Structure formats: C-alpha cells, structure tokens
Amino acid sequence: MWDYFKLILLGLVALFAAIAADWGHDAAYKLHAALIFVIALGMFIWQVRQIDTEKPQVDTSGYMDGVIRAGVIATGFWGIVGFLVGVFIAFQLAFPALNFDWGQPFTNFGRLRPLHTSAVIFAFGGNALIMSSFYIVQRTCGARLWGGNTAWFVFWGYQLFIVMAATGYLLGATQSKEYAEPEWYVDIWLTIVWVAFLAVYMGTIFKRQEKHIYVANWFLLAFIITVAMLHIVNNLSIPVSIFGSKSVQIFSGVQDAMTQWWYGHNAVGFFLTAGFLGMMYYFVPKQAGRPVYSYKLSIIHFWALIFLYIWAGPHHLHYTALPDWASTLGMVFSIILWMPSWGGMINGLMTLQGAWDKLRTDPIIRMMVISLAFYGMSTFEGPMMSIKAVNSLSHYTDWTIGHVHSGALGWNGMITFGALYFLTPRLWGRKQMYSMAAIDWHFWLATIGIVLYAASMWVTGIMEGLMWREVDAQGFLVNSFADTVSAKFPMYVVRGLGGVLYLTGACIMVWNMWMTIRGGAPVKVAPPAAPVAAAQPAQAA
C-alpha cells in the first residue's frame, strides 16, 4: 500500500511540475519546475520497477554511516565550488573587466556574490554540519540514526535546495535579503527538509543508550531549532503568482530591516557558531585524545551563548531609522557576548592540556587549534565593531569584509577541514589520511591565505572609512567615492591572492580525500552494547 501511495504522490508532483514548467512566468521558476519534473519522473519510474520485486534486507545492526560518507564528499565538493566563485568575484572587484558581457548578466558580480556566500555558508558549511551532526549524535548516544531512510531524504533534499538556490541566483531570482536570498518555493522546500533533519536528530537522542546528553548535542540541537525559527520568520512572504518566483515580503521598512538582521546576525550566531561549536566539542577532544578541559565551563558557555546571541542583531543597524534604544541594546549584548565566546575558546584550547606536543606532530590538531584562535579573534573583533564609535568608521567598509572572512575562513573553514581529515580515514577504513604531508601543505596555504585576505581588508577598510570622513578647511569632503575605490586597488589584488592560496589548500585536501577513499573500503561500526562514555568523548566510540 505504501508503494502505491508513493507512486500517486510522485505522479502528482511530476504532473504539477510539468504544468508549472510550461506556465512559469520567469526563467528561474521554469528551470526549477523542469528540474522537479525530471526528478519526480525518474523516481516514479524507479518506484514502478520496484513493485512486486523482493526488497533487499537492510542491515540495521550498525551505525548509519552511508549518509555521512555522502556528506563528507558533498562538503568537499561544495567547498571547492564556493571558494572558486569567491576567488573569481574577488578579482572582479580588482579588475572590473572580468564582469563579462555575454548579453545576460549570469557571471556578473551581482549574480555571483550571493552564489558565493550561499555556496560557502549553506552548501559547504551546511553539509559539514549535517554530516558531522549525524556522526556525533550516533557516537555520543550509542544509537543508530532514527527514521530509516529519512536521513537520506535530508541529504538529497538539501542538495536539491542548494542547486535551486544557486541556479536561481544566476537567473536573477532573489528576494534580496542577506543570507536569505532564495525565493518563496525554495524556502518552503528547505523548511520541509529541515523539519526532517530535526526529526532524525531528536529521534536519535530519544532512543539513545547513554543517559547523559553530551554538550556537543546541546549546541547542535540549538543550531537546528533556532535556524528553523529564524528561517521561517524572516522568509514570511506572499507569492505574486503560484507560477512565478517573485514574492512580496510581509514586513516592510525598518521592521523588515530589524527582522532581517535579527535573522542575519543569528545565522552567524547559530549556523556558523553554535553548530560549529558542536563540532569543536566533539572533534577536538577526539583528535587530542583528551577529555574536554571543563565540562562545567562548556555548559556555562552553552547557556550564556544561547541567551545572549539572539539579542545582538540590532547592532547592524546603527545610525539608521531603527530606534536608538534598539541598536544600543544590540551593542550591549554584543559586548557581553565576548565573555562566553572566549570561555568556549579557552575550553577548546585547554583541552590540549597534557597533549600540547601533538601540535608538532599532528597537522589535524594544529588545524583545529588555529580554528579556535580565529574563533577567539573574531569574537573579540565583532563586539568591538558593534560599539557605535567604532561602527561609525567600520560600517559599509571592507573592514567588515575582513572580519567576516577571518571568522568564516579561519574558524568555520579550518574546523571543518579538521573534521573532514578526522572522518575520512575512519569512514573508509584507513589508518590515516593518504598523505599527512599534504595536510601540512594545506594548513600553511590556508593560514597564509587567511592572513593575506583579512589583513588586506583591515587595512583597506580603515583607510576607506578615514577617506570618507576626511574634510577640508571649509568642511567639504576631500575624497569622492571613486577616489576610495582607486586607493583600494592594491589591497584588492592581495585579497584575491589570499583567496587563491586558500582555494589551493582546499584542492589539495580534496585530492587527499580522494586518494584516501580510493584506497579504502566503507567500514561498518556497531553501536556499543553497554552505555558509551559520552561525557568523555576522547574515550567514546
């Protein structure tokens, strides 16, 4: 009966998608409807061929690692895509001739910039969070993922979201909200996938063998739930037509701006911070072979971060139509946020107590430690930049770009690289990565690339802010906007070269992963019969 229900559902989806592809009002909508039609039709045909055939017995005795292996590969792939587009648009800013005129603006900066941010944050970072959360929750709970193939639906559904969002940007379909550019039907699909993600994660925790819930799961659960809330509220909109991508936002004016930066800053706070802290609290102790330095500090870190971060968004709207008390409130909470953030950094670094010698011999732990250093630096710089006096100089300049990328490339990128190096040999039955020397090369290329990128943007950003406020004896502005653009050219070239180094390191990593995977075979790991030592991940399975 279930097979026939799926046939009916897939048939209806294919039929509606075919109609939508024909009646669509714009190119992006037509392309996405055609894509859905092809996928639904393919699944319909496959489902028909499965009827009255004997279903293969699924082995559920071990952890569900197949979806994690797929996530590891997807993370590496989307990382290269995102970094490559980022390097290209960096050089577009230095050399505007790279905005090629092909009759359509598919490769112009305005189309590629949201493609780059979404590819790095949601494709690279999102896949890293999904696959690592599936790995962590199974090992710390001593239980197989809940929901059978629901985890596979989450994985493939998320890839479909990425493809629809990316192609939509290239074709001009965007609702013009930072980090929330996908249009209404893509947002609805992501909501469905995210609810399934939450169900799998919560279901696994409910059936855990270990009574204690390890702190990494608290951070990952907060990330999943809060991102769902942020996504739904910020993307409330009314479609102009069910057969078109264009929609009208529910909020308008300063209310829309407030909602957007409540979302935007907390996308950083929960997607790029809380989720990756969940990764840090598992992979750093495991790679170091040491328990977390202070479990009490990790709990304080969690609750302080969760309570404070949600209030910090208004500091993006200093000197705007937002009431002054609201932006001041965001500034105050941002400054207070510095303390729990550094508590988490110190907890991660001090986990190496008694194992500091591994920094000389283990490039993976070195990568994780440098990520914590960048986390600490970014979470000091962010609160400092939220102060109104500093913000008056830094806002709308490249200083903000340097701050964002020191955090994204240094903190999020490096901890993800460390997690990929940790997982790849274990998931494919190898003792270690194919080339440990290549990890060293990756570490130094990435680190030097980040330093060049961030330092150049700090220099040009402060210069830009000072040039904007320079006045002559009569009180007139000395520099035009074009003057500031011309003065920034050398630093834009340095920024592009830093991106090239970072991309080169990522390419070396993907080659290393490929050689490791090619030389190994998928391994099966069974959950422990006795409760796992979840509170001490260095000894957990």
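Just so you know, these numbers come straight off a predicted model, no measurement behind them.
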Under the salt bridge (charged side-chain N to carboxylate O under 4.0 Å, His left out) rule, collect the residues that match up with [X], sequence neighbours excluded.
X	result
Glu183	none
Arg113	Glu178
Asp22	none
Arg111	none

Which residues pass the ring pair (Phe, Tyr, Trp, His ring centres under 6.0 Å) test with [X], sequence neighbours left out?
X	value
Phe251	none
Phe422	Phe283
Phe95	Phe489
His265	Tyr309, His315, His316

Q: I would like to know whether Asp256 and Thr259 meet side-chain hydrogen bond (donor to acceptor under 3.5 Å, both in side chains); could you show each step before the answer?
A: CA-CA 5 Å; Asp256 185 49; Thr259 306; 5.7 Å; no
Fit a plane to each ring of [X] and [Y], take the angle between them on a 0 to 90° scale, and name the class: parallel (under 30°), tilted (30 to 60°) or perpendicular (over 60°).
X	Y	result
His442	Tyr421	perpendicular
Phe134	Phe197	perpendicular
Phe223	Phe271	perpendicular

Q) How would you list, by chain and number, every residue that makes a side chain to side chain contact (heavy atoms under 4.5 Å, CB included) with Trp514, sequence neighbours excluded? A) Arg518
Q | Contacts of type side chain to side chain contact (heavy atoms under 4.5 Å, CB included), residue Ile73, not counting sequence neighbours | A | Trp428, Ile517
Q. Taking only residues two or more places apart in sequence, or in another chain, which ones meet Thr167 in a side-chain hydrogen bond (donor to acceptor under 3.5 Å, both in side chains)?
A. His32
Q: Mind checking side-chain hydrogen bond (donor to acceptor under 3.5 Å, both in side chains) for Trp261 and listing every partner two or more places apart, or none if nothing turns up?
A: none
